[in-house]
Number of protein chains: 2
Amino acid sequence: MTTVGLRERKKEKTRLALLDAALDLFLEQGYESTTVEQIAGVVDVSPRTFFRYFTSKDHLVLWFHDHGEEIMLETLESRPQDESPFTALMHALRAVLSDMEGSTPEESARFLKLRRILDENPRLIGQSVARGAQTERRLAEVIAARRGADADTDQLSHLIVAFAMSTLRVGFECPRRDGTLPEITNRMAETIELAERSLQPGWDLEPPAR
Amino acid sequence: MTTVGLRERKKEKTRLALLDAALDLFLEQGYESTTVEQIAGVVDVSPRTFFRYFTSKDHLVLWFHDHGEEIMLETLESRPQDESPFTALMHALRAVLSDMEGSTPEESARFLKLRRILDENPRLIGQSVARGAQTERRLAEVIAARRGADADTDQLSHLIVAFAMSTLRVGFECPRRDGTLPEITNRMAETIELAERSLQPGWDLEPPAR
DNA sequence: TTGTCATCTGTCATCGACTGACATAGATTA
DNA sequence: TAATCTATGTCAGTCGATGACAGATGACAA
């Protein structure tokens, strides 16, 4: 049975409606000057309900991170254990890209809007990075396991993950000017290659320090 | 004349008193459950006044970032123009370290407290990283200028800065267990060396793409 | 010393994000 | 249909943050 109940469908519809309403309002009047009350108003739900769908106003903007993180963790798990950590991470990044490339027009539109909003609100870029930091902790655990090291003491595990996430972020943010989705994903792919070229072969295979 | 007026001295005293009161309260009862009212109460000022010293509750924790950023920008400016961008950045990082090593016992104590607080509050680590993101934008401008590139389009400039900041952050956060200040700075120095070893010679000298 | 001026501070009012508690309307299942 | 589950609205309240105004206090010149 693929049929999800009416309730489920309704919820998903409300969630997307809130997201779309918010993105549009943010673009029209700016992030700060848009209140939760307004967003809820457009979708015709109470502000209280908004917070049942999104834990915070910021969460709206970080919505996509959840998805990306999920893909990265899944991909990482499916990569052969003997693949070097950074290489595995780069595959995970590419998995995120190919997911983006396969997105529906609606999803693409949301993504492009989000990108503009982030661009105009440095504070949000910060939040976005902050969200990335939490992902990093989780990824570092996985990578440390791969390296047979302890995530609490092996700095290289953390550095590997940090470099990988930096790569993703730089690809996402820069260049700032608008573009179509394919343009952006191509650009991100370039950034990944750039990062791969920049690092010494085998740099991520050094044995744990202790 | 080095004498700063009574007013100035008083202000500095209040600022530090607020900072210390806050750090202690955060450690005692946790960040979230400490209110601005409490912090202000300890120092015996009104909550309104608190916000005249620190723009937000978060700002307390990011206090040190301001200082670090300042040092990095200054150092960067003083490095020879023909030094490669990443090398210059690594010198900037080391400048931050040596500044930390030269800090007074009070400053060291604050730093260690802060580190414990950040460790216990993942959300704050996020904020901290977010603050770093703003620094990154500024640094990227400087590095792009050095590379004779446009910060808006040259991804490598951003990647260089992102890698450098990642290095600083990993050194700061990991390993999580406590330690004395010298132990921590040594550890951070190791991370810097690790990063330098990991990158291809001349990786940061590739000409701008466009 | 005194009076003026700039600045710091407290008080008050207010907004907006967010949360817990409770009641109800609607969907689900037996 | 009845019993049950759950999503939503309402209400009240906390806390972070900001603007406006007035009083206190240090800075400085006459």
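Here is the naming used below: chain letters follow the sequence lines, and residue numbers restart at 1 for every chain. These figures come from a predicted structure and were not determined experimentally.
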### Task
Give a yes or no on this: more than 12 heavy atoms of other residues, nucleotides or ligands lie within 6.0 Å of atom CD of A:Glu196.
yes
### Message
What is the distance, to the nearest angstrom, from the CD1 atom on A:Ile39 to the P atom on C:dG16?
### Response
12 Å
### Task
Let me know the distance between NZ of B:Lys57 and P of C:dA17, rounded to the nearest Å.
18 Å
#### Entry: D:dT25 base / B:Arg7 side chain donor-acceptor hit below 3.5 Å
yes
### Summary
When rounded to whole Å, the NE2 to P distance for the pair B:His59 and D:dG16 reads 17 Å
### Task
Would you indicate what B:Thr34 reaches in the nucleic acid, counting non-hydrogen atoms under 4.0 angstrom: base, sugar-phosphate, or nothing?
sugar-phosphate
#### Entry: A:Glu101, CD atom: more than 12 neighbouring heavy atoms under 6.0 Å
yes
### Message
Output the rounded distance in Å from CD (A:Gln38) to C1' (C:dC15).
### Response
13 Å
Distance-only donor-acceptor hits, side chain of residues 127-135 of chain A, under 3.5 Å, sequence neighbours excluded:
residue	atom	partner	partner atom	Å
A:Gln127	NE2	A:Asp58	OD2	3.1
A:Ser128	OG	A:His65	NE2	2.9
A:Arg131	NE	A:Asp66	OD1	3.4
A:Arg131	NH1	A:Glu69	OE1	3.1
A:Arg131	NH2	A:Asp66	OD1	2.4
A:Thr135	OG1	A:Glu69	OE1	2.7
A:Thr135	OG1	A:Arg131	O	3.4

Contacts under 3.5 Å, N or O only, protein and nucleotides 28-30 of chain D:
none

### Query
Going by atom types only, do A:Thr191 and A:Thr167 share a side-chain donor-acceptor pair under 3.5 Å?
no
### Message
Between P on C:dC8 and CZ on B:Phe54, what's the gap in Å once rounded to a whole number?
### Response
15 Å
### Message
Please enumerate all residues that pass ring-ring contact (aromatic ring centres under 6.0 Å, His included) together with A:Phe86, with sequence neighbours excluded.
### Response
A:Trp203
### Query
Within this structure, what is the CG-to-P distance between B:Leu18 and C:dC8, rounded to whole angstrom?
15 Å
### Task
Would you kindly compare B:Tyr31 and B:Glu8 by the position of their nearest DNA chain D nucleotide and give the one closer to the 5′ end?
B:Tyr31
### side-chain hydrogen bond (donor to acceptor under 3.5 Å, both in side chains) pairs, two or more places apart, involving residues 6-17 of chain A
none
Produce the list of close N/O pairs, under 3.5 Å, pairing protein atoms with atoms of nucleotides 8-10 of chain D; give distances to one decimal.
residue	atom	partner	partner atom	Å
D:dT8	OP1	A:Tyr53	OH	2.6
D:dT8	OP2	A:Tyr53	OH	3.1
D:dG9	OP1	A:Ser46	N	3.4
D:dG9	OP2	A:Ser46	N	2.8
D:dG9	OP2	A:Ser46	OG	2.9
D:dG9	OP2	A:Thr49	OG1	2.2
D:dG9	N7	A:Arg52	NH1	3.2
D:dG9	O6	A:Arg52	NH2	2.7

### Task
Give the rounded distance in Å between these two atoms: CZ of B:Phe51 and C1' of C:dC12.
16 Å
### Whole-Å distance separating the CZ atom of A:Arg123 from the P atom of D:dA17
10 Å
### Message
Does B:Glu77 have more than 12 heavy atoms from other residues, nucleotides or ligands lying within 6.0 Å of its CD?
### Response
no
### Summary
With sequence neighbours left out, the residues meeting ring-ring contact (aromatic ring centres under 6.0 Å, His included) with A:His59 are A:Phe54, A:Trp63
### Task
Give a yes/no verdict on a cation-pi contact between A:Lys57 and A:Tyr31, requiring under 6.0 Å between NZ or CZ and the six-membered ring centre and an angle within 45° of the axis.
yes
